[in-house]
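Written below as structure tokens is the structure these notes are about.
Computed from a predicted model, the values in this text were never measured in an experiment. Naming convention: chains lettered A, B, ... in sequence-line order (proteins, then strands); numbering from 1 in each chain.
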Amino acid sequence: MCEAGALAVGGARYRDAMSIASLELDLEVFSGPFDLLLTLVLREEVDLMELQIAEVVLAYLDHLEARGELDLESATEFIVLIAALLELKSRLLIAGEDAEELLDIEPEQAAEELLERMLTAHRYRGAAAHLRELLQREHGFRYRCAPLPAHLRRVVLDPQEGAESPEALGQALAGLLRMPPQISIRHISVPRVSVAERLAHLRALLRRGRFSFEEAVRGADRVTVAVTLFALLELYKRGEASWEQSESFGEIAITACADDGRLVAARSVAA
Amino acid sequence: MAALARSIEALLFLSPDPVSISDLADATEAGEDAVTAALRLLEQELAPGRRGLRLKEVGGGHLLASAPEAEEAARRLFSRPRVATLTPAQAETLAIVADLQPISRPEIGRIRGVSADSATATLLERGLIEESGRSQFGATLYRTSTSFMKLFGLTSLKELPDLAQWDPSPEEQADLRERLLRAGEARGGGGPAGE
Amino acid sequence: MAALARSIEALLFLSPDPVSISDLADATEAGEDAVTAALRLLEQELAPGRRGLRLKEVGGGHLLASAPEAEEAARRLFSRPRVATLTPAQAETLAIVADLQPISRPEIGRIRGVSADSATATLLERGLIEESGRSQFGATLYRTSTSFMKLFGLTSLKELPDLAQWDPSPEEQADLRERLLRAGEARGGGGPAGE
């Protein structure tokens, strides 16, 4: 575990491994896991290899307990962050015996690639700070936002007959029908299941109405279950679904939220 | 110009609607008498022939307006014929409405993979789409208008070109709406949040 | 104030977007030199502390803004802050868009290492970025908007500094590389696996 005294990551203070309760997490201050990793490595106060991510997770749970409430927004943000940190750490770890099986990448190349990504992220972090300064400098300047007086307004309400071609509409629709290719996530080793996939799966179930989490992951492996849970958090965050669990380890019943229900119904009515 | 008159000028500049003396007094934390005096000062400052702006008293409040002498120039600047072509976002939204009408805004967003709010607003403003009742759950539905037919030189919606010639995967049998939604979800990782 | 400067003040008052010198010249039927001189005159007239308005040069044109001294009063009158500050995630997303535009959301996410969905949605909602067509794979592309230029007081995107200035020093980079490599090798069984 990190033995050095204070490890400050932005506003998150990780003081002492043994008193994890002192962890102050303010996830707003993280601008990304690369940022976090860069800070960690640069400070040399922690060797990422030695950092037990589980400890950080425990600390976070303690922190949640102390606050007495579960803020799903920041919980999801935390999961994303920790997942990314795990990924990065595993990149460092897999250079050994399992390397061939997992990735066809030399440790040197992996380090180089990781460094490149960290530097890019760092660069934009600098640019972001600069933008915030600019915004600060412009403080107090407001602009007028008023419509033109009626007598100066252009009249465009009378469209020219046949000025646009209907083919443009057909082409636009065809563009929307094209399925996007899978985004390369080569660096996250072997992707077996994606959040987008599970999102689509959950949405399909939601269209039918209420269902249980058990149903959603029937016969699935552990990774899929985890990713499905993550997709469910995402749906909750977007306000598309909510769930109930009447007792610990009981059935989780998932229902569509009002807005989405409206969509679903509108669709089935129109179809 | 005194500080209070400067503040008032700024407030009137920012407000598209007339601002009452009592609102100005509250905002500047000055008395109404002081505000009235400052308005008088501002009026002198903006007297005809002195500046490009005028102070007007309208409907129980004050307002800044451009000086009438500048009207000719304003007309030249703002009434230049602007080609009102459709942006890609507007074309997409219009195509979706044309094919799936009546349809709600959140569903258009789902299909596009991004919010359709601003495109829908512009199309409404240009009169190319119009409201067409509500879904049974209260979402506003949209359909294309007669202006739309005119702009595209159509006499009937049946004249819309057959999608088959551009269809990237013609072998697919599913319903158009279903297919569009599926592609939209794959693109956006889901619809726009909050809708 | 001279007639030309008055007209220009009126035009800038009416226009929601920055107006270029050549557009001002066309509208006022004056030469660009005369317009430039009139703008200088207007700028003096609106120098800090003189009036409630200021002349700003933004996004390749000129524009009127309220004087910052009036900010407190404006906040009270309009009961909302000018722009809420940007969170680090939003600022970073904006910096990436400004540098690589047009760029898609997944690409931004890949650079940041976390999803940019919520930051992108907020920036869109605030009008700091806008849609700019689709990539060849169908992802919506984004670019910065005129509002962005206005709010950040930029005359041109070129004004944004070179990103390389935030790079760690070559020594730091070498050190980092060294340490990352060591970490990888440590697990690789000790020896320098790469050679």
Distance, nearest 0.5 Å, that separates CG of B:Leu77 from OG1 of C:Thr28 =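 Taking CG in B:Leu77 and OG1 in C:Thr28, the distance rounds to 9.5 Å.
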- Atom CG in B:Leu64, atom CZ in C:Phe13: separation rounded to 0.5 Å?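 Separation between the atoms: 5.0 Å.
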Heavy-atom pairs under 4.5 Å with chain B, option from [options] with the top count:
options                            : value
C:Gly49, C:Ala67, C:Ala2, C:Ser132 : C:Gly49
C:Arg51, C:Glu45, C:Glu131         : C:Arg51
C:Ala5, C:Ala139, C:Ser66, C:Ser15 : C:Ser66
C:Ala10, C:Gly133, C:Ser7          : C:Ala10

Using non-hydrogen atoms and a 4.5 Å limit, figure out which bit of [X] sits close to chain C: side chain, backbone, both or neither.
X       : value
B:Glu71 : neither
B:Asp26 : backbone
B:Leu46 : side chain

Let's test your reading of the structure: which of B:Ala27, B:Ala3, B:Ala70 forms the most heavy-atom pairs below 4.5 Å with chain C?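 If we count pairs closer than 4.5 Å to chain C, B:Ala27 comes out on top.
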Worksheet item: Are C:Leu53 and B:Leu53 side-chain neighbours, meaning at least one heavy-atom pair lies under 4.5 Å?
Response: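 SC-SC contact between C:Leu53 and B:Leu53 confirmed.
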If we only count heavy atoms from C-beta on, is the C:Glu29 to B:Arg76 side-chain gap below 4.5 Å?
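They are in contact (side-chain heavy atoms under 4.5 Å apart), so the answer is yes.
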Check: B:Gly52 main-chain N/O paired with C:Arg6 side-chain donor or acceptor under 3.5 Å: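 Checking the backbone N and O of B:Gly52 against the side chain of C:Arg6, no donor-acceptor pair under 3.5 Å is found.
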Does any backbone or side-chain atom of [X] lie under 4.5 Å from a heavy atom of chain B? Answer side chain, backbone, both or neither.
X        : value
C:Ala65  : backbone
C:Ser104 : neither
C:Arg54  : neither

Which pair of non-hydrogen atoms, one from B:Phe78 and one from C:Leu11, has the smallest distance, and what is that distance?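 Closest pair (atom of B:Phe78, atom of C:Leu11, distance): CZ-O, 4.1 Å.
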